[in-house]
*Asks:* 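Mind having a look at this structure? Questions to follow.
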Amino acid sequence: MNKLAIFKIRLIQIKRQFDSLGIIYSLLVIFTLVAVLYFSFVGYNKSVTAWYITSSIIGFVLLIHLSRRDLAFVQRQIKYPVQNIYFEYVLLLLPFYFHCLFIAQWYHVLVLLATLFLISLLRINHSTKTILPKLSLFISSTNFEWLSGVRQYTLQLFVFTILAIATCWIKIVPLVFLWILTSIVSSFYYECESIQLLLATESSAKQFLKLKVLSHSKILLTVFLPILIINSIIHTDAIWINLAFIIVMLSFLLFTIYLKYSVYSPSDDLKHNSVLIAFTYIGVLIPFLLPVSFIMCIRNYKLAVKKLNYYFND
């Protein structure tokens, strides 16, 4: 394969994702993307904001790279694996930083290109050894997504949780790390359970989704609330910001759960959902795009109920 093999595969995946969305929601995703691009364009014209955008891009790519499950395949089966991974990142992110070449902040392009190359060099070994064998004492086996996800991403979850706790004395910074944590949590829902496990609940589609949402929201709140409460005590003027943040993050969690079951197929791999999740996830950074996650929740809840009814009433 040539050096653009992964990039071409990624374009095909994106096209399939848009095909599955339909016209209305495809336009909604495109609108979100355009808004993010505009925010990037405006932000890069200010020296201080430019560093925040560059840091966010680097952090997001690093998170994606550390969480990728296809690296072993790429390194074994594709010629020039590092170059393929590097070009994938560079080309997919190109719209976000290309205009920097023509403004005073042109050096951000060099910073991004150099950092993306260093990230591409990282070899991640996802061990098959069971990590945290006693985790089931704290997370019920019925919440298998979290049980499996926490074991898979133990290091990432630990690092960003510690960073969120350590920066509680700063008004907004902890929210950034909790935002990243939520993106990691979204990857917990990229695999479908077996039909036997699904039907073991002996409930209706609506009841199943209700219990799933309540139990998983409770786990998320258990992690987030102590950090946000401490941050609110230190910065009383940030209480409403923190409250709005937790509502938005919960809506994103619900969207991720509903999206999984709207396309549920026993034991299927749903990594293609990552494209839509990424668009919705990035969209929460822009205030006027906040309703997107709520709209997507409503849309995918209806689809999830319809899909699950097919199996529960079989």
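This structure is a prediction, so every number in the text was calculated from the model and none was measured.
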*Asks:* Tell me, with the steps shown, if Ser40 and His99 meet side chain to side chain contact (heavy atoms under 4.5 Å, CB included).
*Replies:* CA-CA 10 Å; Ser40 172; His99 58 278; 4.0 Å; yes
*Asks:* Could you give the distance from CD (Glu191) to CG (Leu270), rounded to the nearest 0.5 Å?
*Replies:*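 It comes to 8.5 Å.
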*Asks:* Using the rule that two of Ile, Leu, Val, Met, Phe, Trp, Tyr join whenever any of their side-chain heavy atoms come within less than 4.5 Å, decide whether Leu221 and Leu211 are in one cluster.
*Replies:*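 No, because Leu221 and Leu211 fall into different hydrophobic clusters, even though each may have its own neighbours under 4.5 Å.
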*Asks:* If you measure from CD1 on Ile241 to CZ on Phe245, what distance do you get to the nearest 0.5 Å?
*Replies:*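 The distance works out to 11.5 Å.
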*Asks:* With Leu253, which of Ser186, Cys297, Ser217 fulfils side chain to side chain contact (heavy atoms under 4.5 Å, CB included)?
*Replies:*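 That would be Ser217.
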*Asks:* Given Phe144 and Leu197, is the side chain to side chain contact (heavy atoms under 4.5 Å, CB included) satisfied, shown in steps?
*Replies:* CA-CA 10 Å; Phe144 59 88; Leu197 189 58; 3.8 Å; yes
*Asks:* Determine whether Thr182 and Phe224 make a side-chain contact, defined as any pair of heavy atoms from C-beta on separated by less than 4.5 Å.
*Replies:*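 SC-SC contact between Thr182 and Phe224 confirmed.
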*Asks:* Should Tyr86 and Leu113 count as side-chain neighbours, where that means a heavy-atom distance under 4.5 Å?
*Replies:*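 Yes, close enough: below the 4.5 Å cut-off.
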*Asks:* Minimum heavy-atom separation for Thr161 and Leu157, please, with both atom names.
*Replies:*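 Reported closest heavy-atom pair: OG1-O, 2.6 Å.
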*Asks:* Distance from Ile229 atom CD1 to Ile239 atom CD1, nearest 0.5 Å?
*Replies:*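 Here the interatomic distance stands at 10.5 Å.
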*Asks:* Side-chain contact test, heavy atoms from C-beta onward, threshold under 4.5 Å: evaluate it for Leu181 versus Tyr153 and give yes or no.
*Replies:*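 Side-chain contact under 4.5 Å: no.
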*Asks:* Using the side chain to side chain contact (heavy atoms under 4.5 Å, CB included) rule, take Leu122 and Leu62 through it: C-alpha gap first, then chi angles, then the decisive distance, then the call.
*Replies:* CA-CA 10 Å; Leu122 294 176; Leu62 179 60; 3.9 Å; yes
*Asks:* Heavy atoms only: give me the nearest Pro174-Lys171 pair and the separation to one decimal.
*Replies:*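 Nearest heavy atoms, Pro174 then Lys171: CD-O, 4.0 Å.
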*Asks:* Checking the side chain of His108 only, and the main-chain atoms of Cys100 only, is there a donor and an acceptor separated by less than 3.5 Å?
*Replies:*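 It does not hold such a pair.
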*Asks:* Find the distance between CD1 (Ile85) and CG (Leu116) and round it off to the nearest 0.5 Å.
*Replies:*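 Rounded to the nearest 0.5 Å, the CD1-CG separation comes to 12.0 Å.
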*Asks:* To the closest 0.5 Å, what do you measure between CG (Leu259) and CZ (Phe252)?
*Replies:*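 The CG atom of Leu259 sits 9.5 Å away from the CZ atom of Phe252.
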*Asks:* Is the number of heavy atoms from other residues, nucleotides or ligands within 6.0 Å of CZ (Phe117) greater than 12?
*Replies:*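 No, because the 6.0 Å sphere around CZ of Phe117 holds 12 heavy atoms or fewer from other groups.
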*Asks:* Let me see the working for Trp146 and Tyr189 under side-chain hydrogen bond (donor to acceptor under 3.5 Å, both in side chains), right down to the final yes or no.
*Replies:* CA-CA 9 Å; Trp146 277 80; Tyr189 302 91; 3.1 Å; yes
*Asks:* Please give me the minimum heavy-atom distance between Gln105 and Ala50, naming the atom from each residue.
*Replies:*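 Closest approach of Gln105 to Ala50: CG-CB, 3.9 Å.
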*Asks:* Is it the case that more than 12 heavy atoms not belonging to Phe158 sit under 6.0 Å from its CZ atom?
*Replies:*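 Check fails, neighbour count at 12 or below.
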*Asks:* Would you tell me whether Tyr44 and Thr54 have side-chain atoms, one donor and one acceptor, within less than 3.5 Å of each other?
*Replies:*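 Their side chains do contain a donor-acceptor pair, which is all the 3.5 Å distance test asks for.
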*Asks:* With rounding to the nearest 0.5 Å, note down the distance linking CD in Glu88 to NE2 in His65.
*Replies:*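 One gets 10.0 Å once the value is rounded to the nearest 0.5 Å.
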*Asks:* Stepwise, does the side chain to side chain contact (heavy atoms under 4.5 Å, CB included) test hold for Tyr97 with Val90?
*Replies:* CA-CA 10 Å; Tyr97 63 81; Val90 169; 3.1 Å; yes
*Asks:* What closest approach, in Å, do Trp179 and Met249 show between heavy atoms, and which atom pair accounts for it?
*Replies:*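 So the two residues come closest at CD1-CE, 4.0 Å.
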*Asks:* If you define the side chain from C-beta out and look only at heavy atoms, does anything of Thr115 sit under 4.5 Å from Ile57?
*Replies:*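 They are not in side-chain contact.
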*Asks:* Hydrophobic clusters here meaning ILVMFWY residues chained together by side-chain heavy-atom distances under 4.5 Å, can you tell me if Tyr258 and Leu214 are in one?
*Replies:*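 Per the 4.5 Å side-chain linkage, Tyr258 and Leu214 are not co-clustered.
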*Asks:* Same cluster or not: Leu93 versus Leu37, using hydrophobic residues (I, L, V, M, F, W, Y) connected whenever any side-chain heavy atoms lie under 4.5 Å apart?
*Replies:*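 Yes; tracing contacts between hydrophobic side chains, which count when under 4.5 Å, links both residues.
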*Asks:* If you compare all heavy atoms of Thr142 against all heavy atoms of Glu145, which two are closest, and at what distance to 0.1 Å?
*Replies:*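 Smallest heavy-atom distance, with atoms named: O-OE1, 4.5 Å.
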*Asks:* Would you check if the side chain of Asn45 reaches a backbone N or O of Phe41 as a donor-acceptor pair within less than 3.5 Å?
*Replies:*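 Indeed, once roles are kept as given, a pair shorter than 3.5 Å links the two residues.
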*Asks:* Give the cluster check for Leu303 versus Tyr310: same hydrophobic cluster or not, with ILVMFWY residues linked at side-chain heavy-atom distances below 4.5 Å.
*Replies:*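 No, it is not one cluster - the side chains of Leu303 and Tyr310 are not joined through contacts under 4.5 Å.
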*Asks:* Just by modelled atom types, is the Ser183 backbone N or O under 3.5 Å from a matching donor or acceptor in the Ser187 side chain?
*Replies:*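 Looks like no, no N/O pair under 3.5 Å.
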*Asks:* Considering all heavy atoms of both residues, which atom of Ile119 and which atom of Ile58 are nearest to each other, and what is their separation?
*Replies:*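 Reported closest heavy-atom pair: CD1-O, 4.0 Å.
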*Asks:* I'd like to know if Ile247 and Leu178 are part of one continuous hydrophobic network [Ile/Leu/Val/Met/Phe/Trp/Tyr, side-chain heavy atoms within less than 4.5 Å].
*Replies:*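 Leu178 clusters together with Ile247.
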*Asks:* How about Leu198 and Phe208: do any of their side-chain heavy atoms sit closer than 4.5 Å?
*Replies:*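 Side chain of Leu198 against side chain of Phe208, heavy atoms only: contact under 4.5 Å found.
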*Asks:* Any side-chain heavy atom of Ser194 sitting closer than 4.5 Å to one from Pro266?
*Replies:*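 When only atoms from C-beta onward are counted, Pro266 and Ser194 do not touch, as no gap falls below 4.5 Å.
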*Asks:* Going by side chain to side chain contact (heavy atoms under 4.5 Å, CB included), Leu175 matches just one of Ile170, Ile227, Asn242. Which one?
*Replies:*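 Of the listed residues Ile170, Ile227, Asn242, the side chain to side chain contact (heavy atoms under 4.5 Å, CB included) partner of Leu175 is Asn242.
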*Asks:* What orientation do Tyr107 and Trp51 show, parallel under 30°, tilted 30 to 60°, or perpendicular over 60°?
*Replies:*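 Ring orientation of Tyr107 relative to Trp51: tilted.
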*Asks:* So Phe188 and His216, do their side chains get closer than 4.5 Å, heavy atoms only?
*Replies:*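 No. Closest side-chain heavy atoms not under 4.5 Å.
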*Asks:* Side chains of His235 and Asn231: closer than 4.5 Å at any heavy-atom pair?
*Replies:*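 His235 vs Asn231: side chains touch.
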